[in-house]
There are 2 protein chains.
Amino acid sequence: MKTNEKTMTASEWEIMRIIWTLGEATSRQLIRILAQKNQWSPSTVKTLITRLQTKGYLVANGATRDRLFTPTIPEIEAMTATLTHTVQSMCAMCVGRSLIAVIDDTPLSQQDITNLQQLLRDKQSHAPQSIACDCMPTHGEDFK
Amino acid sequence: MKTNEKTMTASEWEIMRIIWTLGEATSRQLIRILAQKNQWSPSTVKTLITRLQTKGYLVANGATRDRLFTPTIPEIEAMTATLTHTVQSMCAMCVGRSLIAVIDDTPLSQQDITNLQQLLRDKQSHAPQSIACDCMPTHGEDFK
DNA sequence: CTTTTTAGTTTACAGTTGTAAACTTATTGT
DNA sequence: ACAATAAGTTTACAACTGTAAACTAAAAAG
């Protein structure tokens with residue numbers, strides 16, 4: 001199992017969301033908030049903080065106690081990386097349609113829509129008629 | 001760890017992509033193709049097939065041998081479910097921007113673009129000015 | 001100062017996933 | 001009929017995850 005680029009797990013993501021929102025946070029804050037939000041025990045939160053530090057997603061400032069933890073990577077960047085990674089593991093031919101379905105039930109702001117419309121206008125010029133499926137190796141009549 | 005809706009893992013996804021593409025497949029085919037594509041041993045492929053059957057994503061027809069495995073769920077559906085699940089675990093306020101970034105480096109066909117443009121026109125009417133962040137519980141001045 | 005609290009560290013433990021060898025039995029080639 | 005093959009089943013095993021208790025040392029409270 002060579003998870004080289006240490007990925008963030010679902011639980012770890014929960015921790016990060018709070019920190020990204022607050023900008024920085026103490027373990028006390030995280031413990032209280034996640035007790036309320038997910039009924040997690042203090043230990044669980046502590047473990048996840050440690051793992052996030054090990055994976056390099058969090059750094060602590062003061063070495064003493066009551067340190068503030070801050071993210072080493074911005075939220076948007078992490079989100080985009082995760083989504084891009086997933087999208088790239090899927091059939092190139094189908095993924096466009098799927099993304100449309102996702103966008104259909106994701107709330108977008110007026111600004112998002114405007115930006116996306118602009119992007120589409122740009123893409124439209126060089127977009128191909130169709131995208132080839134990339135699910136299988138180029139078969140030299142390989143199947144049977 | 002209550003992964004209730006048995007999710008498909010990355011390796012399992014590889015198997016499914018082949019089967020979705022072929023419509024159905026024998027283990028022999030899968031073994032050969034994935035040996036070529038991922039250098040997987042035959043055993044690995046067999047294990048994954050079994051797990052996919054257990055999770056209910058694959059069914060085998062003939063009970064004898066040389067059975068054909070067929071998917072129980074269409075590819076687009078699986079893709080959309082996975083992506084939607086991920087998107088819904090992210091900050092509602094930021095995820096739109098992130099999706100735009102993803103779409104920016106995903107190749108789309110002319111048809112995809114047209115469809116998406118239509119969808120955006122529809123959404124534009126009821127889209128809010130902005131989406132609220134939903135990363136934290138509604139704090140009654142909860143932080144500190 | 002002594003006691004209580006608690007931030008941070010160690011240890012724990014079962015379920016999942018990646019990866020595969022070994023075994024069993026039915027199939028096919030000779 | 002008998003041997004070689006290979007489809008499907010069992011067993012394996014380490015790393016990763018979710019979830020947390022126990023321990024240690026330092027800070028706050030009295």
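Predicted model, so just to flag it, every value in this text is computed and none were measured. Any value given below was found using the heavy atoms of this structure, including those in side chains, with hydrogens, waters and symmetry copies removed. We name chains A, B, ... by the order of the sequence lines, and we start the count at 1 in each one.
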For residues B:Leu48 and B:Leu30, determine if any side-chain heavy atom of one lies less than 4.5 Å from a side-chain heavy atom of the other.
->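 No. Closest side-chain heavy atoms not under 4.5 Å.
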Check whether any side-chain heavy atom of B:Gln117 sits under 4.5 Å from a side-chain heavy atom of A:Gln124, and report yes or no.
->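 Heavy-atom side-chain distance check passes, below 4.5 Å.
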Rounding to a whole Å, what distance do you find between [X]:[atom1] and [N]:[atom2]?
X: A:Asn38; N: D:dT19; atom1: CG; atom2: C1'; result: 12 Å
X: B:Arg67; N: C:dT25; atom1: CZ; atom2: P; result: 14 Å
X: B:Ile49; N: C:dT19; atom1: CD1; atom2: C1'; result: 15 Å
X: A:Ile15; N: D:dG18; atom1: CD1; atom2: P; result: 11 Å
X: A:Leu30; N: C:dT6; atom1: CG; atom2: P; result: 16 Å
X: B:Gln29; N: D:dA7; atom1: CD; atom2: P; result: 11 Å
X: B:Asp66; N: C:dT25; atom1: CG; atom2: P; result: 19 Å
X: B:Leu68; N: D:dA7; atom1: CG; atom2: C1'; result: 13 Å

Could you tell me whether the phosphate oxygens of [N], OP1 or OP2, come under 4.0 Å of any side-chain nitrogen or oxygen in [X]?
X: B:Arg28; N: D:dA7; value: yes
X: A:Thr9; N: D:dG18; value: yes
X: B:Ser27; N: D:dG8; value: yes

Begin from the C-alpha positions of B:Glu75 and A:Cys91 and carry the test side chain to side chain contact (heavy atoms under 4.5 Å, CB included) through to its verdict.
-> CA-CA 9 Å; B:Glu75 184 164 22; A:Cys91 175; 3.3 Å; yes
Report yes or no: does [X] contribute a side-chain atom to a donor-acceptor pair with the main-chain N or O of [Y] at less than 3.5 Å?
X: B:Thr72; Y: B:Gly56; answer: yes
X: B:Tyr57; Y: B:Lys6; answer: yes
X: B:Lys123; Y: A:Leu108; answer: no
X: B:Asn61; Y: B:Arg67; answer: no
X: B:Ser125; Y: B:Asp122; answer: yes

Please tabulate the protein-to-nucleotide N/O contacts below 3.5 Å involving nucleotides 20-23 of chain C, giving atom names and distances.
from: C:dA20; atom 1: OP2; to: B:Thr44; atom 2: OG1; distance (Å): 3.1
from: C:dA20; atom 1: N7; to: B:Thr47; atom 2: OG1; distance (Å): 3.1
from: C:dA20; atom 1: N6; to: B:Thr47; atom 2: OG1; distance (Å): 2.6
from: C:dA21; atom 1: N7; to: B:Ser43; atom 2: OG; distance (Å): 2.7

Begin with the C-alpha distance, continue with both residues' side-chain angles, and end with the deciding distance and a verdict on side-chain hydrogen bond (donor to acceptor under 3.5 Å, both in side chains) for A:Ser89 and A:Thr86.
-> CA-CA 5 Å; A:Ser89 77; A:Thr86 303; 5.7 Å; no
If you check the B:Lys6 side chain, which of C:dT17, C:dT16, D:dA7 turns out closest?
->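 Nearest nucleotide to the side chain: C:dT16.
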Take the C1' atoms of the five end pairs on each side of the helix from C:dC1-D:dG30 to C:dT30-D:dA1, get both axes, and report the angle to 10 degrees.
->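 Comparing the first five pairs with the last five, the axes sit 10° apart.
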